[in-house]
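In the text below, chain A, chain B and the rest are named by the order of the sequence lines, each starting its count at 1.
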Amino acid sequence: MSAGKEQWGTRIGLILAMAGNAVGLGNFLRFPVQAASNGGGAFMIPYFLSLILLGIPLMWIEWSLGRYGGVRGSGSTPGILDAIWKSRIAKYVGALGIFMPFVVMVYYTYVESWSLGFSLLSIFGAFPETGGIEEMTHFLRAYQGAEMHESGMFGNVDTGAFIFPGLAYGFFLFTLGANLWFLYRGLSGGIEKVALYGLPALFLFAIVLMVRVLTLGTPDPAVPENSIYNGLGFIWNPDLSALSNPQVWLAAAGQIFFTLSLGMGSIHVYASYLSDRDDVALSGLSTSATNETAEVVMGGTIAIPAAVAFFGVAATTQLAAGGSYNLGFVTMPVIFQQLPLGDLFGALWFFLLFIAGITSSLAMGQVVLRFLADGFGMTRSRAVALLGAVVFLCTQPVVLFIEYSYMDELDFWAGTFGLFVFGAIEVILFAWVFGIDRGWSEIMKGADIRPPRIYKFILAWVTPLLMIVIFLAWTWLNAPSVLLMEGVPEETRPYIIGARIFMLASLAAFFYLIRRAWRDKEGPRAQERERARIA
Amino acid sequence: MTTAGWIMLVAAWGGIVGLTLWCIIRVLRSPWKD
C-alpha cells in the first residue's frame with residue numbers, strides 16, 4: 001500500500017501519535033533548563049501567554065492545513081502550500097517541511113539510540129560508580145567514540161565501568177532498524193501502535209521518576225540547602241524582575257514553539273490522514289495539553305530539582321549551562337548512581353527518553369514517506385527502503401564527527417532556525433493568503449468544540465505578528481554569530497562547512513524531486529492520461 | 001521554595017492537568033464521526 005492511502009485506526013491513537021510527535025527530549029531536558037535560567041516561576045507567565053497566543057493557534061493552523069491538503073491528495077507541505085497559495089514557488093517553499101524532518105531525523109535517530117544504549121547499560125550496572133560528573137563525562141565521550149582508553153576499552157574494568165568501542169554504532173543500527181520497521185508496518189499498524197503503548201508507558205515511567213525525585217528530601221543532611229524543596233524553588237520561585245527582560249519572553253515563546261513540534265511539517269502529515277468531517281479543534285487542543293502535562297508537570301519535576309538536591313543551586317546552574325544532553329546523559333546517571341535501586345531508575349529514565357525520541361523520529365520519517373507516495377506513487381516498502389538507505393548514509397558523518405560540532409550545526413539550522421522560518425511563513429500564508437475567513441471555517445469544520453471567537457482575531461493578527469517578531473528577534477540574536485562561526489576553533493570549521501554543504505545539497509535534492517513530481521503530475525503525459533480517463 | 005513559588009506551581013499544574021483531563025473526557029465522548 002502507498003503511504004498516502006492509509007487511515008488512523010482510532011481517534012485516541014491519532015492524538016497519542018500527535019502527542020508522541022511533540023513530546024521529545026526537549027520536554028524533559030530543555031524546558032527545565034529554560035525555566036530555571038529565565039526567572040523561574042516568572043517564566044511561566046510569558047510561557048503560558050505564548051501557549052495561548054502562539055502554540056494553540058499554530059497547532060490549529062497545522063492540523064487544519066494538513067487535513068485540507070490530505071483531502072485534496074497532498075499530505076506533505078509542498079502539496080499543501082501549493083493548494084492554498086496559487087504561486088509557482090509555493091511548492092518549493094513547502095520543501096522546508098520535508099527538508100527539516102529529514103535532516104533532523106539524520107541526527108535525532110543517533111541521539112535516540114544513546115537513550116536506548118544507556119538504558120541497557122544502566123540495567124547492567126555499567127556506569128562508573130565513582131568519579132562523579134567528570135568520570136561520567138568521559139564515559140559518555142567514550143560511548144560516542146570521541147575518546148578511547150589505552151586498553152582499547154574505556155574505564156576501569158575492576159569497578160565494572162567499561163565500554164567497548166563501537167557499542168554506540170550497534171545501538172544506532174538497532175534504533176534505525178526499529179524506526180524503519182515501525183514505519184514499514186504503516187500508520188495504524190506501526191506508528192499508532194507505538195503511540196498507543198509507548199505514550200502511556202512514558203507517562204507511567206515519568207510518574208515513577210517524579211515520585212522518586214519528590215521523595216528525595218535532603219540527600220545529604222550535612223548540606224541542608226541542597227534539598228528537593230530548593231530544587232523545586234529553583235524552577236518555580238518567581239523572579240518578577242525577569243519579566244522586564246525581552247530575552248525571557250523570547251525564550252518562553254521559543255520553548256512553546258519547539259515543544260509542540262511546530263513549523264516542522266510533521267503535524268501536517270499526521271493530520272492529512274483525516275477525513276473532511278473529522279475534528280481538528282479538540283484534537284489539536286488535546287495534543288497541546290498532553291504535551292504540556294509531560295513538559296510542565298513531569299519535565300519540570302525530574303532533572304533540575306534532582307540536580308539541585310544533589311549538587312546545589314550553583315553547581316546545577318553550571319551543569320544546566322553545559323546543555324540539555326549533558327544534563328540528561330551525564331548529570332542524571334550520576335544522581336541515579338547515588339540512589340538505592342539507582343540502576344533501575346536510570347534505566348527507566350533513559351527508556352523514557354527513548355520512547356519520547358522514537359515517537360518523534362517516526363513522525364519525521366513519515367513526512368518523507370508521504371512525500372514519496374504523493375509525488376511518485378512509491379509503495380511503502382520501497383519508500384522505507386530508500387529512506388533507510390539515505391538516512392543510514394547521511395548519519396555516518398554525524399557518528400564520525402561528533403566531537404567536531406557537525407551535529408550541532410545540523411541542529412541549529414534545520415532543527416531550530418528552519419522551524420522559525422517555516423512557522424512564520426505558514427502562519428502568514430494561512431491568515432493573509434489563504435484568508436482568515438476560509439481558515440477559520442476550515443478550523444471550525446467538524447469541530448467538537450467551539451474555540452472562542454476572539455481566536456479569529458488572534459489568528460489573523462496576534463499570532464502572525466508575534467511569530468514575525470520572534471523570528472526576527474531570535475535570528476538577530478543568534479544567527480549571525482553561528483553563521484560567521486564566531487568562537488569556533490580552526491580545526492572544527494571544515495566539519496561545520498561540511499554540515500552546511502550537506503544541508504544545501506539535501507535542500508537542492510528536495511527541490512529537484514518536487515520539480516520532477518510536479519512535472520509528472522502536470523506534464524503532457526499526465527494530461528494525456530487524464531484526457532483518456534475522461535474519454 | 002517560597003509561597004509565591006508554590007502558588008505558581010499549583011496554578012500551572014492545576015491549569016495544565018485540568019485542561020488535559022477536560023480534553024480526554026471530551027475526546028472519549030466524541031468518537032470518530034464515521
Least distance between heavy atoms, [X] atom then [Y] atom:
{"X": "A/Pro238", "Y": "B/Gly5", "result": "CD-N, 3.6 Å"}
{"X": "A/Val297", "Y": "B/Trp13", "result": "O-CZ2, 3.6 Å"}
{"X": "B/Ile16", "Y": "A/Ala289", "result": "CG2-O, 4.3 Å"}

Indicate yes or no: at least one non-hydrogen side-chain atom of A/Arg11 is less than 4.5 angstrom from one of B/Val27.
yes
Hey, does A/Ile45 have a side-chain heavy atom less than 4.5 Å from the side chain of B/Met8?
yes
Which bit of A/Tyr229 is near chain B, if near means a heavy-atom gap under 4.5 Å: side chain, backbone, both or neither?
both
Answer with side chain, backbone, both or neither: which region of A/Thr301 has an atom nearer than 4.5 Å to a non-hydrogen atom of chain B?
side chain
Report, as yes or no, whether the 6.0 Å neighbourhood of atom NZ on A/Lys445 holds more than 12 heavy atoms from other residues, nucleotides or ligands.
yes
Can you tell me which residue among A/Thr290, A/Thr293, A/Leu285 is in a side chain to side chain contact (heavy atoms under 4.5 Å, CB included) with B/Leu19?
A/Leu285
Nearest 0.5 Å, please: how far is SG in B/Cys23 from CD1 in A/Ile449?
6.5 Å
Out of A/Ile235, A/Val296, A/Asn237, return the one with the most heavy atom pairs under 4.5 angstrom to chain B.
A/Asn237
